[in-house]
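Keep in mind that what you see is a predicted model, and the values were worked out from it rather than measured. In each ligand, atom 1 is the first atom listed, and ligand 1 is the first ligand listed. Throughout, numbering of the chain's residues begins at 1 and tracks the sequence.
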Amino acid sequence: MQQNSEQSISAKYAVIGNPIAHSKSPEIHQLFADQTGENISYEKILGEKYNFPYSANKFFDADGQGLNVTLPFKLEAFNFVDQLTDFAKHAGAVNTIIRQDNGDYLGTNTDGIGLLRDLKKTLRLQLRDKKILIIGAGGATQGIVEPLLNEKPAGLTIANRTLHKAETIAKHFKKMGDIQSCSLNQIPEQAYDLILHATSAALQNHELELPAVIIGTQTCCYDLLYSDTATPFMQWAKKHGATQIVDGFGMLLEQAAESFYLWRGKRPDTTMAQNYLRPKSLT
Ligand code: ATR
């Protein structure tokens with residue numbers, strides 16, 4: 001009897017962010033749980049702005065097992081955890097928290113793995129010797145620089161509204177590969193093979209002004225954001241003739257699958273999940 005009642009108790013997970021209403025993570029993790037036969041619950045938490053520890057502690061005190069962390073808390077989550085994986089250490093940002101058996105919180109970052117899996121497996125992009133541009137220098141960018149440099153691109157440029165943030169990231173990762181920084185209005189005027197958009201400008205309905213010459217005949221434009229309709233960056237890319245235009249839904253699925261694997265030890269089928277969950281308007 002005891003065993004049966006224990007089996008029926010689902011393990012508790014959540015995603016925390018602010019705003020959070022748009023998050024698709026509960027649907028994704030529920031699908032992963034169905035696929036793998038795991039019994040979990042997964043909720044959305046609207047985190048207290050400037051008080052991440054309060055919201056995180058409240059969740060874990062109520063028996064939470066693991067948290068996904070999204071905008072704007074990835075840097076606060078980095079400071080909250082007791083231990084960090086190398087991915088999280090290098091990224092300086094945490095998007096997944098695992099409560100360990102001894103009660104310690106382990107922080108890791110699955111964004112980079114998620115992006116790379118989507119670029120390579122789903123989109124079949126090879127990054128060796130390619131020119132990459134990242135627009136934005138926040139927590140999302142910090143999470144993807146190391147895995148991108150590991151692919152040995154010809155160069156990686158980070159452009160940001162606030163120049164010093166791009167410079168800080170470039171300095172931090174400079175031992176790992178060819179990395180440059182610039183401000184948004186001084187992006188070197190050349191065509192890039194891959195342009196990754198990683199700002200939160202669209203969340204404030206602010207349109208970025210980017211030079212059209214950065215799009216060449218073979219450019220893939222990838223927005224780390226996802227939305228049920230084309231994002232402003234995707235619309236801009238289309239207007240300027242990009243050949244491949246993608247939103248961050250594949251990355252979202254892949255980073256979620258990695259978190260799920262770390263929590264439950266089982267790998268979900270992301271191809272099936274992509275077909276099942278991808279917003280119909282973007283297929
Ligand atoms: P995340 O964790 O998602 O990266 P973040 O750390 O808050 O979020 O970073 C947001 C990024 O979006 C930053 O690069 C930010 O530029 P600044 O460093 O200059 O703040 C960028 N961003 C936000 N609003 C923007 C806007 N209106 N125009 C241009 N860039 C913007």
Pairs of nitrogen or oxygen atoms closer than 3.5 Å, one from [X] and one from ligand 1: do any exist?
X      : value
Lys74  : no
Lys165 : yes
Thr199 : no
Ala140 : yes

Tell me which protein heavy atom sits closest to [atom], plus the residue, atom name and distance to 0.1 Å.
atom                    : result
atom 9 (O) of ligand 1  : Gly138 CA, 3.4 Å
atom 8 (O) of ligand 1  : Leu71 CD1, 3.5 Å
atom 13 (C) of ligand 1 : Asn160 OD1, 3.9 Å
atom 20 (O) of ligand 1 : Arg161 NH2, 2.9 Å

Atoms of ligand 1 close to [X] [distance to a heavy atom under 4.0 angstrom, numbered from 1]:
X      : result
Gly136 : 14 (O)
Gly139 : 1 (P), 2 (O), 4 (O), 6 (O)
Ala137 : 14 (O)

For this session: Indicate the atoms forming the closest heavy-atom contact of Leu208 with Ala201, along with that distance.
Result: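 Smallest heavy-atom distance, with atoms named: CD2-CB, 3.8 Å.
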Problem set entry | Heavy-atom closest contact (Asn102 atom, Asp104 atom, distance) |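 So the minimum-distance heavy-atom pair works out to OD1-N, 2.9 Å.
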Exercise. With sequence neighbours left out, which residue pairs that include part of residues 93-126 fulfil the ring pair (Phe, Tyr, Trp, His ring centres under 6.0 Å) condition?
Worked result: Phe60-Tyr105, Phe80-Tyr105
Seminar exercise, completed: At under 4.0 Å between heavy atoms, what of Ser200 touches ligand 1? The answer is both
Are any side-chain N or O atoms of [X] and backbone N or O atoms of [Y], one a donor and one an acceptor, separated by less than 3.5 Å?
X      : Y      : result
Asn57  : Pro53  : yes
Trp263 : Ile97  : yes
Thr36  : Pro268 : no
Gln235 : Ala230 : yes

For this session: For atom 16 (O) of ligand 1, state whether the nearest protein heavy atom is under 4.0 Å away.
Result: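 Yes, at least one protein heavy atom sits under 4.0 Å from atom 16 (O) of ligand 1.
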Problem set entry | Closest to atom 29 (C) of ligand 1 (judged by heavy-atom distance), picking from Leu163, Leu225, Leu208 |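 Residue with the shortest heavy-atom distance to the ligand atom: Leu208.
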Seminar exercise, completed: Note: heavy atom closest to atom 19 (O) of ligand 1, options Leu184, Ile134, Thr162, belongs to Thr162
Problem set entry | Asn109, Asn95, Asp111 screened by side-chain hydrogen bond (donor to acceptor under 3.5 Å, both in side chains) with Lys74, the one that passes | Asp111
For this session: State plainly whether the residues Asp178 and Lys131 are in salt-bridge range, i.e. N to O under 4.0 Å.
Result: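 Looking at Lys131 together with Asp178, the answer is no, because their closest N to O distance does not fall below 4.0 Å.
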For this session: Hey, could you give me the NE2/OH distance between His22 and Tyr226, rounded to the nearest 0.5 Å?
Result: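 It is 5.0 Å, given to the nearest 0.5 Å.
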